[in-house]
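Not measured: the values here are computed from a predicted model.
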Amino acid sequence: MNTDVEFHIRQNYPWTKLPANVKQSLGNSQREYEKHVLLYSIRNQLRFRNNLVRHVRKDERKYYEELLKYSRDHLMLYPYHLSDIMVKGLRVTPFSYYIGIMEDIMNSEKSYDSLPNFTAADCLRLLGIGRNQYIDLMNQCRSSKKFFRRKSARDLLPAKPVEISVEPWWVAQTGYITEDDIRICSPAEKKAIDKMIDSGPQLAGSMEYNVVLSLYNRGFIYLDVPISDDSCISVPPLEGFVMNRVQGDYFETLLYKIFVSIDEQTNVAELANVLEIDLDLVKNAVSMYCRLGFAVKKGQVFSSDQLHPTWKNAPSVNRLKSTMDPQKMLLSWEQGSPVMEGGSSATDTDTTSLEDQDTASVSSLSIPAAPTKRIAFLFDSTLTAFLMMGNLSPNLKSHAVTMFEVGKLSDETLDSFLAELEKVESTAEGEAQRYFDHALTLKNTILFLRYNKELTQDQGPDIPNIGFPLDMLRCESLLGLDQATCSRVLNKNYKLLVSMAPLSNEIRPISSCTPQHIGPAIPEVSSIWFKLYLYHVTSQGPPSLLLSKGSRLRKLPDIFQVYDRLLITSWGHDPGVVPTSNVLTMLNDALTHSAVLIQGHGMHGHGETVHIPFPFDEEDLKGEFSYSNMCAHKSLRKLREHVDLEHQCGYITMLNANNRHRRRASDSTECRGDTHLGGGLDTNGSTESFELVTEENNGESKAKTDALSSEDEWVPLELCFGMPLFSSELNRKVCRKIASHKLCSSESLQELLHSSRKLSLKVLSFVQSFQDGSQPSDLDSGVSNPLSQPPAESGVPLPALNLLYKDGQLREWSGRAPPPLDISALQKDQPT
């Protein structure tokens, strides 16, 4: 549907008041507009009254029946915001709605994964049917078909809801109750119903606990989860979340947007203002979080004198979950009501008592901290995948699910997260070692950035220097927000953004001038273009060929014939090292769907790579180049003239392709960094068409002296901004440099702002210079003409020309040798 049309429907514009251009887009047909109004209203589960649909569809009941059918057919969440209509008018309770959905997908023999995430979570909460239970039901259903007495799907589904979690501050309202229903009620239930009919809706906590559950299970009442303008909520590690699929309907999209934006200090009205979303929609979403148990309402939500005595003996499943431990917790009533105190008194079921820091964090539920700016650590889905794999620690998975689905771990839950990371062992076997290394390095990174006084020494005399709190944000979740909204969310809550390095090439990094960003300034800086820019300004780098999508190689170019291993990077994927012997077919296959960068890597097996952390220390720069003092390399001296390495942090990867020697002796010098033989390149570990080929290096490696390490053997391969997580030693060095160079000081951050803008303009200008014009296809050349280039999804422009970097020059490449005229000469002449 046209966004202009949607906007005018949302604003309740009748046909007569529509602008001419919008009418024209609808073929000047009022009937067409009315179809759009009805469809939009049903898709967005809009109330009949006070909306434009009331002028289009006169029969209110029929409209709601259509809305319910659409929601059920599309497996959407039950429209709780329309409960008064659905339960009282249509007699459709959440339980009967989800039973209908389950019956439909079982009769269609669909898999459990066909249920969208939030719908599956609500089904689990109300029906008690998760993945395993669904598979069991389907097996029973299929086996019953073999016998004469066939059971339908409905016969196998539960007859009443499972015992659900109800909070005392929820509001009980009467549903559709007949005289026959009243006859089967107990005296206590009749009394409760009479009270609701006479006095209106009642707080669940003021009624007898078992009566609330009983009336709810029979569908005589429904429960509202009231959210006010000034309500604040916290999001603990997710429990009971089902990771199936994302559907993309309006409410699911809204739920994910608010998940990554919400924090404990921002109330609902402020959040709606920041996101520029209708306040009622935000309240509906927050209400849904609380209903599903994914969020906890902060502050005093219920006074103890109103609480019915029976709630004190309620099972622990119905009590407030601690934000600190993902396990269910028992509550100590002797110390006071947890409803009154916001969960400040709690005893862990797994341990005898909570740690002091955990208790303090739990108590913070009832005592909102003074609003303060924070540091945001930006990560991608690769990290969450590593934390979910390998059984690193018993309760780490719930945090990893929260990081992926919510897209955020707030500072208030980091104590619990760190406690789980503490349990991760330092050694593992094979590929699992990589997951363990990332977990341990992440723990050290959090401890370094969070409340670190070293980073905030220029706060001023009036402000106590305790460092900054730390939130962890998933890049992909932030990218679900439009750019303006994302900027408002980040500026409201954060002083500084710090990215992990390297971020996966499959995502677009977050671009931010304010708050300042220690990481890629713009998406182009973490793309293939930046590698070419690096080689262009330093006049050094491995032989590299960037081929446009649709190109086709008849043979491997001569410059790569001397290499035993090549580094291949598909556009939008992470690099991999492959043998030269069988690379041609693989390349041509990849070129049908992507641009590809081919680089020489190793002439005798894998090339040797060394990661050099920056900013560089002055004493190292003054020294002569050696293997242990790699930052004095001539190409890096030249690079410092073009790229600000003093107010950013990260690492530069140096490559020695002529590597006849194996791994060198250990050296503790800061400027040397970490050594790898090929294996250190695919640090993200994404699954793409080029699998990383690794070779076992058996036996002890012989040390090679500095004298044997020629400066000319080494060339820069890559520059990554941010904090590396794949190597604990490299991470430790980068952390030390951040502190010693005072990168988080106001002065340094101001310099970073200017230098990031300059670098962005330079790189964008560089990319543009190689996008203008294209050469006609030459039938005799070794490469065919590329297809027309669609815009890249990530926003980074795809190459329009085939480009070759060789012998210090970047040229257009037509498949012939020698290459055509150097079109980068203009760039060389321009001051950078």
Any side-chain donor paired with an acceptor under 3.5 Å for His611 and Thr653? yes

Determine whether the aromatic ring centres of residues Phe530 and His536 are separated by less than 6.0 angstrom. no

In terms of ring plane angle, is the pair Phe294 and Phe259 parallel, tilted or perpendicular, where the classes change at 30° and 60°? tilted

Under 3.5 Å side-chain donor-acceptor pair for Thr445 and Asn731: yes

Where do Glu412 and Ser410 land on the side chain to side chain donor-acceptor pair (under 3.5 Å) test, with the steps shown first? CA-CA 5 Å; Glu412 289 78 9; Ser410 62; 3.2 Å; yes

Parallel, tilted or perpendicular, judged at 30° and 60°: which one describes the rings of Trp571 and Trp529? perpendicular

Over 60° means perpendicular and under 30° means parallel, so tell me whether Phe386 and His438 are parallel, tilted or perpendicular. perpendicular

Mind checking whether His399 and Phe417 have parallel, tilted or perpendicular rings, split at 30° and 60°? tilted

Considering residues at least two apart in sequence or located in another chain, which fulfil the salt bridge (charged side-chain N to carboxylate O under 4.0 Å, His left out) criterion with Glu476? Arg474

By side-chain hydrogen bond (donor to acceptor under 3.5 Å, both in side chains), Glu524 pairs with (sequence neighbours left out) none

Residue pair Lys531 / Gln599, side-chain donor-acceptor N/O under 3.5 Å: yes

Side chains of Thr609 and Met654: closer than 4.5 Å at any heavy-atom pair? no

Would you indicate whether the side-chain heavy atoms of Leu645 and Pro615 approach each other to under 4.5 Å? no

Determine whether the side chains of Asp437 and Thr441 contain a donor N or O and an acceptor N or O closer than 3.5 Å. no

Residues His601 and Asp564: side-chain donor-acceptor under 3.5 angstrom: no

